[in-house]
Number of protein chains: 2
Amino acid sequence: MTTDTAVLEGGLADRSAWSARDRCSISRAMQVVGTRSAMLLMREAFYGTRRFDDFASRVGITEAVAAKRLRELVEAGLLERRPYQEPGQRTRHEYLLTDMGRDLVPAALALMQWGDRYLSDDGGPLTLRHADCGGRIAVHVTCDRGHDVPLDQLAVEVNRPTRH
Amino acid sequence: MTTDTAVLEGGLADRSAWSARDRCSISRAMQVVGTRSAMLLMREAFYGTRRFDDFASRVGITEAVAAKRLRELVEAGLLERRPYQEPGQRTRHEYLLTDMGRDLVPAALALMQWGDRYLSDDGGPLTLRHADCGGRIAVHVTCDRGHDVPLDQLAVEVNRPTRH
DNA sequence: CCGTATCCTGATAGATACTG
DNA sequence: CAGTATCTATCAGGATACGG
């Protein structure tokens with residue numbers, strides 16, 4: 001294990017162990033939700049969209065693209081395709097968030113927060129609040145001892161993969 | 001203004017105001033860093049990489065792609081291309097994080113955290129710590145009254161654009 | 001070192017038309 | 001409503017070669 005302190009300041013010394021592209025979790029995450037359509041479909045799922053047509057129209061993509069992405073997201077485990085039946089109707093399918101999909105919310109919110117700040121003239125079209133208390137939502141980087149961690153106090157530890 | 005409570009539970013009723021794709025901050029953010037190479041170049045910048053060749057080799061992309069993405073990231077305002085000169089050397093350029101680029105860190109960390117959890121067999125190649133106290137880093141969704149907000153307690157408020 | 005130029009492949013995604 | 005099929009344009013990105 002190697003520990004570097006204040007990465008954003010001094011840089012990361014030992015990179016050999018993880019510069020391998022295929023182990024980087026950001027890289028892997030981007031392979032799954034690294035297209036505009038995939039992330040926006042997840043956004044829709046967060047907002048409660050369940051049906052194919054709604055996904056396509058609300059995201060603003062063609063049915064062909066929606067079908068392909070949804071299939072990939074189901075296969076990757078972010079969504080679950082489940083049959084359901086309304087009384088007197090034929091069987092349909094709905095797309096539901098899995099735990100894996102739900103846990104992507106912080107990443108989506110972090111992107112939204114960043115976009116609201118830097119890519120929008122009026123702070124963005126949505127304000128998120130804590131349903132219980134009405135406080136405004138923000139995404140924070142914290143440590144498990146409860147400190148809010150400024151970006152210049154991030155340290156990186158390299159975990160070498162266990163060999164056999 | 002319209003407020004919906006517990007979006008992840010009940011769904012979002014009033015979508016007409018923001019379903020316009022071009023105002024969604026997630027969509028805009030994905031236009032800027034929605035490719036694997038762009039996000040990984042930003043990751044490198046977070047880790048202190050400054051030079052063209054290092055960007056290309058550490059991210060594992062060709063120089064052509066690196067050149068194009070870096071140019072776009074500079075143009076979008078996430079990086080700054082600055083000339084510098086070592087004594088006795090000719091002028092070179094380095095790519096430095098701007099505030100806008102630095103503020104993308106939480107989004108990158110959120111993706112990393114998600115990837116560590118769901119796309120890695122061993123928790124991921126890196127552990128991030130708070131340099132001051134050594135505590136493990138995590139990305140949290142909180143409200144400005146200090147509550148940690150569970151994902152099922154997110155409420156959405158739609159801000160209509162001001163007309164004239 | 002720091003890129004540019006060219007060529008090529010595959011993925012992303014729009015448009016349109018069609019099926020159960 | 002929930003897709004599939006086809007056709008097309010644009011973009012992401014690898015390979016290779018070249019220039020300051």
Side-chain angles (χ1 to χ4, degrees), chain A residues 21-22 24 26-45 48-76 79-96, chain B residues 20-22 24 26-45 49-76 79-96:
Chain A
R21 277 83 69 200
D22 50 319
C24 169
I26 300 179
S27 177
R28 292 185 179 185
M30 289 299 286
Q31 306 265 28
V32 180
V33 288
T35 65
R36 191 179 144 278
S37 57
M39 187 63 88
L40 295 184
L41 285 170
M42 293 309 297
R43 177 202 70 184
E44 278 310 311
T49 298
R50 297 186 174 190
R51 284 142 90 142
F52 181 86
D53 259 28
D54 291 335
F55 276 110
S57 66
R58 288 170 183 171
V59 171
I61 57 180
T62 61
E63 290 93 338
V65 175
K68 185 172 187 198
R69 282 294 153 279
L70 286 171
R71 206 181 312 126
E72 291 168 357
L73 290 170
V74 167
E75 197 177 353
L79 298 176
E80 184 197 346
R81 185 170 186 266
R82 210 170 58 179
Y84 72 100
Q85 191 157 16
E86 286 168 359
Q89 301 286 328
R90 65 177 174 81
T91 301
R92 300 183 187 286
H93 293 272
E94 58 184 351
Y95 296 87
L96 297 175
Chain B
R21 276 84 70 200
D22 50 318
C24 169
I26 299 179
S27 177
R28 290 186 181 186
M30 289 300 286
Q31 305 266 26
V32 179
V33 288
T35 66
R36 188 180 146 278
S37 57
M39 188 63 87
L40 294 183
L41 286 170
M42 293 309 296
R43 176 202 70 183
E44 278 311 311
T49 298
R50 297 185 174 191
R51 284 141 88 143
F52 181 85
D53 259 28
D54 291 335
F55 276 111
S57 66
R58 289 170 183 171
V59 170
I61 56 180
T62 61
E63 290 94 337
V65 174
K68 186 171 187 198
R69 283 294 156 277
L70 285 171
R71 206 182 314 125
E72 292 168 357
L73 290 170
V74 166
E75 197 178 352
L79 298 176
E80 184 196 346
R81 186 171 184 265
R82 210 171 58 177
Y84 71 101
Q85 191 155 18
E86 285 168 2
Q89 302 285 328
R90 67 176 173 81
T91 301
R92 300 183 187 288
H93 293 272
E94 57 184 353
Y95 296 87
L96 297 175

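Chain A is the first sequence line, chain B the second, and so forth, proteins listed ahead of strands; every chain is numbered from 1.
Look at CG on A/Asp53: it is 13 Å from C1' on D/dT4, rounded to the nearest Å. The CZ atom of B/Arg71 sits 8 Å away from the P atom of C/dA5 (whole-angstrom rounding). Straight-line distance from the CD atom of A/Gln85 to the P atom of D/dA2: 14 Å, rounded to whole Å. Rounded to an integer number of Å, the gap from A/Lys68 NZ to D/dT6 P is 15 Å. The distance from atom CG of B/Leu41 to atom C1' of D/dG13 is 12 Å, rounded to the nearest whole Å. Per the geometry, CZ belonging to B/Arg50 stands 13 Å off P belonging to C/dC2, to the nearest Å. Following rounding to the nearest Å, A/Asp54 (CG) and D/dC1 (P) show an atom-to-atom distance of 7 Å. To the nearest angstrom, P of D/dC11 lies 17 Å from CE of B/Met30.
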Inset, instruction - Determine, for nucleotides 13-20 of chain C in 5'-to-3' order, which nucleotides have protein heavy atoms under 4.0 Å from the base (write B), from only the sugar-phosphate (write S), or from neither (write -). - result: BBB----B
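Scored by the salt bridge (charged side-chain N to carboxylate O under 4.0 Å, His left out) test, A/Arg71 finds no partners at all (sequence neighbours excluded). Scored by the side-chain contact (heavy atoms from CB on, under 4.5 Å) test, A/Glu94 finds A/Arg50, A/Arg82, A/Tyr84, A/Leu96 as partners (sequence neighbours excluded). Under the rule for a side-chain hydrogen bond (donor to acceptor under 3.5 Å, both in side chains), B/Arg92 has no partner lying at least two apart in sequence or in another chain. A search for side-chain contact (heavy atoms from CB on, under 4.5 Å) contacts involving B/Val74 returns B/Leu79, B/Arg81, B/Tyr95, not counting sequence neighbours.
Listed candidates were C/dG3, C/dT4, D/dG3. Nearest to the side chain of B/Tyr95 is C/dG3.
Residues B/Leu40 and A/Met30 fail the side-chain proximity criterion, which asks for heavy atoms closer than 4.5 Å. Using a 4.5 Å heavy-atom threshold, the side chains of B/Glu44 and B/Asp54 count as separate. Counting only heavy atoms from C-beta outward, the side chains of A/Met42 and A/Leu73 approach each other to under 4.5 Å.
Between the CG atom of B/Leu70 and the CD atom of B/Glu75 there is a distance of 12.5 Å, given to the nearest 0.5 Å. For the atom pair CD1 of B/Ile61 and CZ of B/Arg36, the computed distance is 8.0 Å after rounding to the nearest 0.5 Å.
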Any N/O pairs under 3.5 Å between the protein and nucleotides 8-10 of chain D? List them or say none.
none

Legend entry - Structure string for DNA chain D in dot-bracket form, Watson-Crick and G-U at under 3.5 Å, | interchain: ||||||||||||||||||.|
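Of all heavy-atom pairs spanning A/Arg43 and A/Val59, the tightest one is NH2-CA, 4.1 Å. Of all non-hydrogen atoms in A/Ala66 and A/Leu41, the two that sit nearest each other are O-CD1, 4.4 Å.
Residue-level contact check: B/Phe55 touches neither bases nor backbone, having no heavy atom under 4.0 Å from any strand.
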